[in-house]
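The structure appears below as structure tokens.
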Amino acid sequence: MDPKIFYEKLFAEFGDLDWWPMDHLYHKENNSDPRFEVIIGAILTQNTSWSNVEKTIDKLKRNRVLDIDSLASLDEVKLKDLIRSSGFFNQKANRLKNICKIFKNRYDSNLDLFFDNKISKIRTELLKINGIGPETADSIILYAGGKPIFVVDAYTKRVCKRIPFPVENSYEDIQKYFQSNLKQYYKGKKLTEVYNQLHALIVELAKNYCKTKPICNNCPLKKDCSFSK
DNA sequence: GTCCAGGGCCGTT
DNA sequence: AACGGCCATGGA
């Protein structure tokens, strides 16, 4: 299936989502850096529903520790308790503290310094950090850094396998496939928005139709998909 | 009670 | 390189 048709059919079904997983965070009164909230959210939401993460983010805010320096120095046992609702709290607490220490020590707690680099350098840097794999790194680059990179998640892989698209089911291959195609089709448009939008559309598709147990009946891609046949 | 959620790490083959 | 076990809570 042509990625452009794919994009357009999903857009026709779900519309302009202007989807941003941490959207609500931007409209609440708080004096913290929204980019940092995105980074923390990206770690916390690993294999975890966002509703569970919201509780944690709110808790961190209420305790006024949702900033690099506070989390870097916060007692780990206390942190585990604060993030409990996000699951995997032992490893996540450890990883969060480690990440904050890195931003504090290497970038003087200044995210401008960190994001003021080329995407490839930022990505390499992120992937070296314990607890940050490809999807988390790319989410941080796209949503916190506002830089154009296409995020591949479990939903994307599932959909790619079922349609199917002519790519191997590896992260990098799928990412390159969509990036090169979308770049070509949407010259002139802001790639950050295109990648953001397509990811949002895929999530909607996967949540509503392309579930673990797919509901193919009214799927907008029924005619294009080989899975249900 | 069971399933699943927008992963990543580590040990084993 | 690929795969399985593991980590943990909360909502459907």
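In what follows, chains are A, B, ... by sequence order, proteins preceding strands, each numbered from 1.
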Do NZ/NE/NH1/NH2 and the carboxylate oxygens of A:Lys104 and A:Asp67 come within less than 4.0 Å?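 A:Asp67 and A:Lys104: not salt-bridged.
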Residue among A:Ile68, A:Leu71, A:Ile132, A:Ile40 satisfying side-chain contact (heavy atoms from CB on, under 4.5 Å) with A:Ile99: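 By the side-chain contact (heavy atoms from CB on, under 4.5 Å) criterion, A:Ile99 pairs with just one of A:Ile68, A:Leu71, A:Ile132, A:Ile40: A:Ile132.
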Would you mind listing every ring pair (Phe, Tyr, Trp, His ring centres under 6.0 Å) that reaches into residues 97-136 of chain A, with sequence neighbours excluded? A:Phe103-A:Phe114, A:Tyr107-A:Phe114
Mind checking if [X] touches a base, just sugar-phosphate, or nothing, with heavy atoms under 4.0 Å?
{"X": "A:Ser85", "value": "sugar-phosphate"}
{"X": "A:Lys92", "value": "nothing"}
{"X": "A:Thr212", "value": "sugar-phosphate"}

Is A:Glu76 atom CD crowded by more than 12 heavy atoms from other residues, nucleotides or ligands, each under 6.0 Å away?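 More than 12 within 6.0 Å, yes.
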Short side-chain N/O contact to B:dC4 OP1/OP2 from A:Arg158, under 4.0 Å: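 Checking A:Arg158 against B:dC4: no side-chain N or O falls below 4.0 Å of OP1 or OP2.
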Looking at A:Tyr185 versus A:Tyr7, is the centre-to-centre ring distance below 6.0 Å? no
Kindly indicate, with the supporting measurements, whether the criterion side-chain hydrogen bond (donor to acceptor under 3.5 Å, both in side chains) is fulfilled by A:Asp69 and A:Ser109. CA-CA 7 Å; A:Asp69 293 335; A:Ser109 304; 2.6 Å; yes
A:Phe6 and A:Phe165 aromatic ring geometry - parallel, tilted or perpendicular at 30°/60° bounds: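 Ring orientation of A:Phe165 relative to A:Phe6: perpendicular.
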Scoring nucleotides 8-13 of chain B by protein non-hydrogen atoms under 4.0 Å (B base, S sugar-phosphate only, - none) yields SS----
Does NZ or CZ of A:Lys80 lie under 6.0 Å from the centre of the six-membered ring of A:Phe89, at an angle within 45° of the ring axis?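 Judged by the rule, A:Lys80 and A:Phe89 form no cation-pi pair.
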Where each residue is assigned the nucleotide of DNA chain C containing its nearest heavy atom, which of A:Thr48 and A:Ser51 is assigned the position nearer the 5′ end? A:Thr48
Range on DNA chain C touched by chain A - first to last nucleotide, heavy-atom distance under 4.0 Å: C:dC7 to C:dG11
Distance between P atoms of B:dG8 and C:dG10 (Å, rounded): 22 Å
